[in-house]
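Residues: numbered from 1 along the sequence shown.
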Amino acid sequence: MTLQEILGIELPIIQAPMAGVQGSALAVAVSNGGGLGSLPCAMLGPDAMRSELEAIAKRTARPFNVNFFCHVPPLPSPAREAAWRAALAPYYRALGIDADGIPAAPGRNPFDAAAADLLSEFRPAVVSFHFGLPSADLLARTRAWGPKILSSATTVDEARWLEANGVDVVIAQGLEAGGHRGMFLSDDLSSQVGTFALLPQIVRAVKVPVVAAGAIADARGVAAAMALGAAGVQVGTAYLLCPEATTSAVHRAALKSEAARHTALTNLFTGRPARGIVNRIVMELGPISVAAPAFPLAASAIAPLRAKAESAGSGDFSPLWSGQNASGCKEIPAAELTRELAALI
Ligand SMILES: Cc1cc2nc3c(=O)[nH]c(=O)nc-3n(C[C@H](O)[C@H](O)[C@H](O)COP(=O)(O)O)c2cc1C
């Protein structure tokens, strides 16, 4: 069976779920354009999740994907939080921010029983996970209405693990990919390899279809991934300038600038390695800091710096998530971009 048959879509193009920079509008546009639109739920509370799912259900009858993180929330460490705030103290002083008054930032929530219940009301055709899979119990509840289950693998071992745990499709997430590394069996960054090194090895290692992700940004990239055995692609960065995305002004400006040529994996913004455009904070603290609290707790202390800088038009403290290939970003409707991506297959 082709990916299109498995997922009930016309084109083997999945719009990558991208928490914080898109909601229902992008998902609807891509699904109505023949690809698979995705709604990222990692940063949505139950009310926002419900209203976004209602918006999608109202605006498309086509299949769509609902995406969740499935990390185990860490126990907060006051010592680590204090070390992290100390590292940021010079910036608080420079921007006139009262460090004692910093509230907890909106976190990134893992898939839980409440989300599973809510999801069962909408019965989406596809559910995807990042950072592995939820508990067996939660996964069984998700399977109740028969959605296809997808998850990202960043190594051959992770792909085998996902297949053994029953996913319908493995997403091979290469090192070039924007946003968080989906890694979950190891936190050793040296285990991470590029898309075109990872993809053929995963294709050989598993029987389920494999979707390629990471730096695929135009029709030739899609064709190349398919030539290496991909059943389809998951494209994130290229959609970030579409009018239906909610990408911030500073993020859009960075993606359109020369700065987009230089990305790094950084844990400064959330505590987990994620790829974004190198900006002032990444440059000055270095992309990986041992002081950053465990995912997702690092986000709280940096949030007020981000807000203050962004209000003055600066992305110095913002997570400017991007893959290594922003050359395919276009300010065109997402349906049009989806068709362009599929032009050579
Ligand atoms: C801005 C941004 C946010 C992302 N957020 C998520 C997310 O919420 N869930 C997820 O599964 N993947 C997320 N990703 C990773 C994508 O699923 C995918 O691996 C990546 O976009 C592919 O590489 P590309 O950006 O080079 O196309 C995000 C990527 C970006 C660029």
Side-chain angles (χ1 to χ4, degrees), residues 1-44 48-68 115 118-130 142 145-152 167-169 171 178-179 209 211-213 216-219 222 225-226 230-247 328-343 345:
M1 277 228 279
T2 63
L3 186 74
Q4 294 91 308
E5 287 164 347
I6 293 169
L7 302 181
I9 53 179
E10 221 176 281
L11 307 169
I13 311 286
I14 302 176
Q15 165 252 313
M18 296 185 285
V21 298
Q22 57 117 166
S24 54
L26 186 65
V28 166
V30 173
S31 284
N32 282 338
L36 185 73
S38 300
L39 177 72
C41 293
M43 296 177 79
L44 301 181
M49 190 176 142
R50 176 178 292 283
S51 69
E52 288 286 64
L53 286 167
E54 281 171 353
I56 297 179
K58 216 181 291 166
R59 293 170 56 205
T60 187
R62 309 259 187 118
F64 61 89
N65 168 37
V66 186
N67 169 262
F68 298 90
L118 184 50
L119 206 56
S120 69
E121 291 179 38
F122 292 88
R123 306 166 71 94
V126 184
V127 179
S128 76
F129 296 103
H130 214 44
T142 309
W145 65 92
K148 299 300 175 201
I149 307 283
L150 279 55
S151 183
S152 301
V167 301
D168 298 287
V169 175
I171 303 159
V211 163
I216 299 166
D218 57 25
V222 173
M226 307 288 276
V233 297
Q234 176 159 297
V235 174
T237 300
Y239 282 102
L240 286 172
L241 294 185
C242 291
E244 297 93 341
T246 58
T247 316
C329 293
K330 287 189 178 176
E331 293 172 289
I332 60 173
E336 203 178 319
L337 183 60
T338 305
R339 282 192 298 275
E340 284 191 9
L341 286 165
I345 45 171

Residues which pass side-chain hydrogen bond (donor to acceptor under 3.5 Å, both in side chains) with Q22, listed by chain and number, not counting sequence neighbours
Q15
For D168, give me all partners under side-chain hydrogen bond (donor to acceptor under 3.5 Å, both in side chains), at least two apart in sequence or on another chain.
none
Would you compute the distance between atom OG of S151 and atom CD1 of I171 and round it to the nearest 0.5 angstrom?
6.5 Å
To the nearest 0.5 Å, atom CG of L11 lies from atom CD1 of I345 at 7.0 Å
Could you pull out all residues at least two apart from Y239 that satisfy ring-ring contact (aromatic ring centres under 6.0 Å, His included)?
none
Residue set satisfying salt bridge (charged side-chain N to carboxylate O under 4.0 Å, His left out) with E340, at least two apart, ordered chain then number -> K330
CG-CE distance between L119 and M49, expressed to the nearest 0.5 angstrom
5.0 Å
Report yes if some heavy atom in the side chain of I56 is under 4.5 Å from a heavy atom in the side chain of F122; otherwise report no.
no
Residues which pass side chain to side chain contact (heavy atoms under 4.5 Å, CB included) with P243, listed by chain and number, not counting sequence neighbours:
none
Nearest 0.5 Å, please: how far is OG in S38 from CG in N65?
3.5 Å
If the condition is side chain to side chain contact (heavy atoms under 4.5 Å, CB included), which residues does A19 pass it with, not counting sequence neighbours?
P40, A42, M43
Show the nearest heavy-atom pair for residues I9 and G35, with the distance to one decimal.
CG2-O, 3.8 Å
Give me each pair satisfying side-chain hydrogen bond (donor to acceptor under 3.5 Å, both in side chains) with a member in residues 48-57, each pair once, sequence neighbours excluded.
S24-E52, R50-E121
Heavy atoms only: give me the nearest A212-A230 pair and the separation to one decimal.
CB-CB, 4.0 Å
Show the nearest heavy-atom pair for residues L26 and A334, with the distance to one decimal.
CD1-CB, 3.5 Å
Nearest non-hydrogen partners of A55 and V28, listed with the distance:
O-CG2, 4.5 Å
Considering only heavy atoms from C-beta outward, does the side chain of L44 approach that of F68 to under 4.5 Å?
no
Heavy-atom pair with the smallest gap, counting every atom of F64 and P124
CE1-CB, 3.8 Å
Heavy-atom check, side chain of I14 versus side chain of L150, under 4.5 Å
yes
Are C41 and V66 side-chain neighbours, meaning at least one heavy-atom pair lies under 4.5 Å?
yes
What residues, two or more places apart in sequence or in another chain, satisfy salt bridge (charged side-chain N to carboxylate O under 4.0 Å, His left out) together with R62?
E10
About how many Å separate CD1 of I332 and CD of E244, when rounded to the nearest 0.5 Å?
9.5 Å
Taking the side chain as C-beta and beyond, is there a heavy-atom pair between L36 and V30 under 4.5 Å?
no
Determine the minimum heavy-atom distance between Q4 and P12, stating which atoms define it.
NE2-CD, 3.5 Å
Which residues share a side-chain hydrogen bond (donor to acceptor under 3.5 Å, both in side chains) with T237, sequence neighbours left out
none
Any residue meeting side chain to side chain contact (heavy atoms under 4.5 Å, CB included) with T246, in chain and number order, not counting sequence neighbours
none
Main chain of G37, side chain of S31: is a donor-acceptor contact present, judged purely on distance under 3.5 Å?
yes
Which residues pass the salt bridge (charged side-chain N to carboxylate O under 4.0 Å, His left out) test with K148, not counting sequence neighbours?
none
Could you note down all residue pairs passing salt bridge (charged side-chain N to carboxylate O under 4.0 Å, His left out) where residues 25-39 supplies at least one of them, sequence neighbours left out?
none
Between OG1 on residue T142 and CZ on residue F129, distance to nearest 0.5 Å
4.5 Å
